[in-house]
Amino acid sequence: MAYKLISIQQFHTFQLQANADRIVDLSTVDDLKALKGKRNGVDFVLIGQGSNCVFLEDFHGDIVVPRIFGKDFKETLNDYVVEVYASEAWHQFVSWLLDNGIYGLENLALIPGTVGAAPIQNIGAYGVEVERFIETVYYYDLDAGYEVALNREACKFGYRDSIFKHELKGNALITKVVFRIPKTWQPVCNYAGLAELNRPTAKQIFDRVIEIRQAKLPNPVELGNAGSFFKNPIIPNQQLENLLASNPDLPCYPAIEGYTKIAAGWLIDQCQLKGFNINDIAVHDKQALVLVNRTNNGLGTDLVRLVKHIQEVVYQKFGVKLQPEVRCFGHHGEIVESSEWERILA
Ligand code: FAD
Ligand code: NAP
């Protein structure tokens, strides 16, 4: 079948060369109604800033870009209640909160993406996850054809996880997020780089997070990437004990009861993979968890080969299977089956 090819290289921060049928802008909640009965990730792909998406090949469908803006807050006795529409840029939102004397989200400075995407993987950094401040997520339900409000508990937030990746996957287009942020501010400074700060203000934490991130992470505008490519594995404590016996330096942190989070970047680094590349797609020199598109000429097949190579080498050395955090897309939408990866390589 012949496809009208519109480049979507600039619609995802990894910037692989890929095309789609059309780019469709949505500027009002009413426009969403045209999508009733369809599925995000199958019939179309909704894109915020594309910082957690990689298009490995042409997508045979439409890219939908919501353009729903606006933010405001009101005060109660103890809290700020902040309403933000989905297309607002995350970092600018955090910065605006600080300008208005609302503190708590400063550890999440400089995370790319939109406010609407933040609840989906419960974005987190430097000891803070966004769920801590979310009161309600509003979404347009594609099956039902109307807007639904979900409170924090109903969002089933977990580590880089939420209901939007499971029961509501493909069916919920997030339109607005309401945050409840206590007026009593507690700094979170348990991560290296922040622990050294002495009685910091929220603005000092914000500035320090930006400084660390700029030193370590490639700016997607200059070097295509999608942030951490793999999730930090959460493994049973029994498996951890076995791993620690032969790898006493393995960085590990308590997770849910009986499980421990281990650093995926450390595992990749120990396999001497920093800088390893397949054609133009490489493991970043400064942070092994980040894969980069060095020249913007990289191909999806090279990325798939690199991902499989990393997974195999890490598994052979540590017995741990790394799972992508990034969401990958092919001709027919989001790729969840490994057979699709084989098809791309064939
Ligand atoms: P997109 O990539 O456009 O979309 C991601 C997925 O969500 C897609 O499946 C899309 O269909 C869906 N989606 C997007 N918007 C909506 C909506 N309104 N309604 C329903 N579905 C939607 N993540 C962290 O958690 N912590 C970090 O510290 C962090 N650092 C990063 C650093 C870099 C350099 C990069 C490139 C990425 C980083 N990320 C981090 C990942 C990324 O920034 C987040 O996942 C972000 O929330 C993605 O937002 P987005 O608008 O770009 O989403
Ligand atoms: P890092 O400081 O080198 O640490 C490596 C990993 O160990 C991190 O991923 C972090 O897990 C974990 N960790 C470190 N100190 C911890 C502590 N005190 N308590 C619990 N866990 C701890 O990591 P980095 O790559 O420079 O990233 C710094 C922060 O930015 C991390 O929170 C990371 O998640 C976030 N970040 C995320 C992305 C993304 O795309 N998802 C990209 C860049 C940075 P956590 O990841 O669970 O925090």
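Residue numbers count from 1 along this sequence. Just so you know, ligand 1 is whichever comes first in the structure, and atom 1 is the first atom listed for that ligand.
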What orientation do Phe329 and Phe55 show, parallel under 30°, tilted 30 to 60°, or perpendicular over 60°?
parallel
Tyr159: heavy atom below 4.0 Å from ligand 2, yes or no?
yes
Considering only heavy atoms from C-beta outward, does the side chain of Leu173 approach that of Val64 to under 4.5 Å?
no
Regarding Lys308 and the six-membered ring of Trp341, is the cationic atom NZ or CZ under 6.0 Å from the ring centre and inside 45° of its axis?
no
Considering non-hydrogen atoms of the protein only, which is the closest contact for atom 38 (C) of ligand 1, and what is the distance?
Pro112 CD, 3.7 Å
Provide the number and element of each atom of ligand 1 under 4.0 Å from a heavy atom of Ile47.
3 (O)
For Leu173, the atoms of ligand 1 under 4.0 Å from one of its heavy atoms are 19 (N), 20 (C)
Is the shortest N/O to N/O distance between Gly50 and ligand 1 below 3.5 Å?
yes
Residue, atom name and distance, where the atom is the protein heavy atom closest to atom 11 (O) of ligand 2
Lys261 NZ, 3.0 Å
Give me the ring orientation class for His331 and His60: parallel if the planes are under 30° apart, tilted from 30 to 60°, perpendicular past 60°.
parallel
Measure the acute angle between the ring planes of Trp96 and Phe73, then classify it against the limits of 30° and 60° as parallel, tilted or perpendicular.
perpendicular
Does Gln49 reach ligand 1 with a nitrogen or oxygen that is under 3.5 Å from one of the ligand's nitrogen or oxygen atoms?
yes
Measure the distance from atom 53 (O) of ligand 1 to every protein heavy atom, then report the residue, atom name and distance (to 0.1 Å) of the closest one.
Ala117 CB, 3.5 Å
Side chains of Phe164 and Val137: closer than 4.5 Å at any heavy-atom pair?
yes
Closest by any non-hydrogen atom to atom 25 (O) of ligand 1: pick that one out of Lys176, Glu129, Gln287, Gln121.
Gln121
Presence of salt bridge, Glu196 and Arg208, under 4.0 angstrom:
no
Considering only non-hydrogen protein atoms, determine which one is nearest to atom 41 (N) of ligand 2 and report residue, atom name and distance to 0.1 Å.
Glu325 OE2, 2.7 Å
Between Asn122 and Ser162, do the side chains contain a donor N or O and an acceptor N or O under 3.5 Å apart?
no
Could you check if a side-chain atom of Glu340 sits within less than 4.5 angstrom of a side-chain atom of Ile344, using non-hydrogen atoms only?
no
Contact atoms of ligand 1, heavy-atom distance to Ala226 under 4.0 Å:
35 (C), 36 (C), 37 (C)
So which bit of Leu217 gets within less than 4.0 Å of ligand 2, heavy atoms only: side chain, backbone, both or neither?
side chain
Polar contacts were defined as any N/O atom of the residue lying under 3.5 Å from an N/O atom of the ligand; does this apply to Tyr126 and ligand 2?
yes
Closer than 4.0 angstrom, basic N to acidic O: yes or no for Asp143 and Arg39?
yes
Can you report which non-hydrogen protein atom sits closest to atom 51 (O) of ligand 1, along with the distance?
Thr114 OG1, 2.7 Å
Does ligand 2 have an atom under 4.0 Å from some heavy atom of Leu289?
no
How long is the span from the OH atom in Tyr139 to the CG atom in Asn171, to the nearest 0.5 Å?
7.0 Å
Output the distance between atom NE2 (His166) and atom NZ (Lys156), rounded to the nearest 0.5 Å.
9.5 Å
I need the nearest protein heavy-atom contact for atom 42 (C) of ligand 2: residue, atom name and distance, please.
Ser228 OG, 3.2 Å
Backbone, side chain, both or neither: what part of Ile123 comes under 4.0 angstrom of ligand 2, heavy atoms only?
neither
Considering only NZ, NE, NH1 and NH2 on the basic side and carboxylate oxygens on the acidic side, decide whether Arg132 and Glu129 come within less than 4.0 Å.
no
Would you mind telling me if ligand 1 is within reach of the side chain of Ile111, the backbone, both or neither, using heavy atoms under 4.0 Å?
side chain
Considering only heavy atoms of Gly113, which atoms of ligand 1 have at least one such atom less than 4.0 Å away?
49 (O), 50 (P), 51 (O), 52 (O)
Within this structure, what is the CD1-CG distance for the pair Ile281 and Asn225, rounded to the nearest 0.5 Å?
11.0 Å
When you measure from atom 34 (O) of ligand 2 to every protein heavy atom, which one gives the shortest distance, and what is it?
Arg160 NH2, 2.7 Å
To the nearest 0.5 angstrom, please state how far the CD1 atom of Ile111 sits from the OH atom of Tyr126.
9.5 Å
Please list the nearest protein heavy atom to atom 3 (O) of ligand 2 with its residue and the distance rounded to 0.1 Å.
Lys216 NZ, 3.0 Å
What atoms in ligand 2 come closer than 4.0 Å to a heavy atom of Gly227?
40 (O)
Checking a contact table here: which protein heavy atom is nearest atom 36 (C) of ligand 1, and how many Å away?
Gly227 N, 3.2 Å
Run the side chain to side chain contact (heavy atoms under 4.5 Å, CB included) check on Leu299 and Asn279 step by step: do they pass?
CA-CA 8 Å; Leu299 299 175; Asn279 296 325; 6.0 Å; no
Would you say atom 32 (O) of ligand 2 has a protein heavy atom nearer than 4.0 Å?
yes
Distance from atom 5 (C) of ligand 2 to nearest protein heavy atom, with residue and atom
Ala263 CB, 4.2 Å
Any heavy atom of Glu334 closer to ligand 1 than 4.0 angstrom?
no
May I ask you to list the atoms of ligand 1 that are less than 4.0 angstrom from any heavy atom of Ile120?
7 (O), 12 (C), 13 (N), 16 (C), 20 (C), 21 (N), 22 (C)
Sub-6.0 Å ring centroid separation between Tyr159 and Tyr259
no
Atom 7 (O) of ligand 2 - nearest protein heavy atom and its distance
Tyr253 CE1, 3.3 Å
Quick one: nearest non-hydrogen protein atom to atom 24 (P) of ligand 2, plus distance?
Gln287 NE2, 3.5 Å
Numbered in order shown, the ligand 1 atoms found under 4.0 Å of a heavy atom of Arg213 are 27 (C), 28 (O), 29 (C), 30 (N), 31 (C), 32 (C)
The atoms of ligand 1 lying under 4.0 Å from a heavy atom of Asn225, numbered in the order shown, are 34 (C), 36 (C)
Considering only non-hydrogen protein atoms, determine which one is nearest to atom 48 (C) of ligand 1 and report residue, atom name and distance to 0.1 Å.
Ser51 OG, 3.2 Å
Mark yes when over 12 heavy atoms from residues, nucleotides or ligands other than Phe69 sit less than 6.0 Å from its CZ; otherwise mark no.
yes
Any N/O pair Asn52/ligand 1 closer than 3.5 Å
yes
Could you tell me the separation between the CG atom of Asn277 and the CZ atom of Arg294, rounded to the nearest 0.5 Å?
4.5 Å
Closest to atom 20 (C) of ligand 1 among protein heavy atoms sits Ala172 O, 3.2 Å
Closest to atom 18 (N) of ligand 1 (judged by heavy-atom distance), picking from Thr13, Asn40, Ile174:
Ile174
Provide the number and element of each atom of ligand 1 under 4.0 Å from a heavy atom of Gly124.
24 (C), 25 (O), 26 (N), 27 (C), 28 (O)
Closest protein heavy atom (residue, atom, distance) for atom 11 (O) of ligand 1
Leu46 O, 2.6 Å
Going by atom types only, do Asn293 and Asp280 share a side-chain donor-acceptor pair under 3.5 Å?
no
Among all the protein's non-hydrogen atoms, which is closest to atom 8 (C) of ligand 1, and how far away is it?
Cys53 SG, 3.6 Å
Should Pro66 be listed as contacting ligand 1, given a heavy-atom distance under 4.0 Å as the test?
no
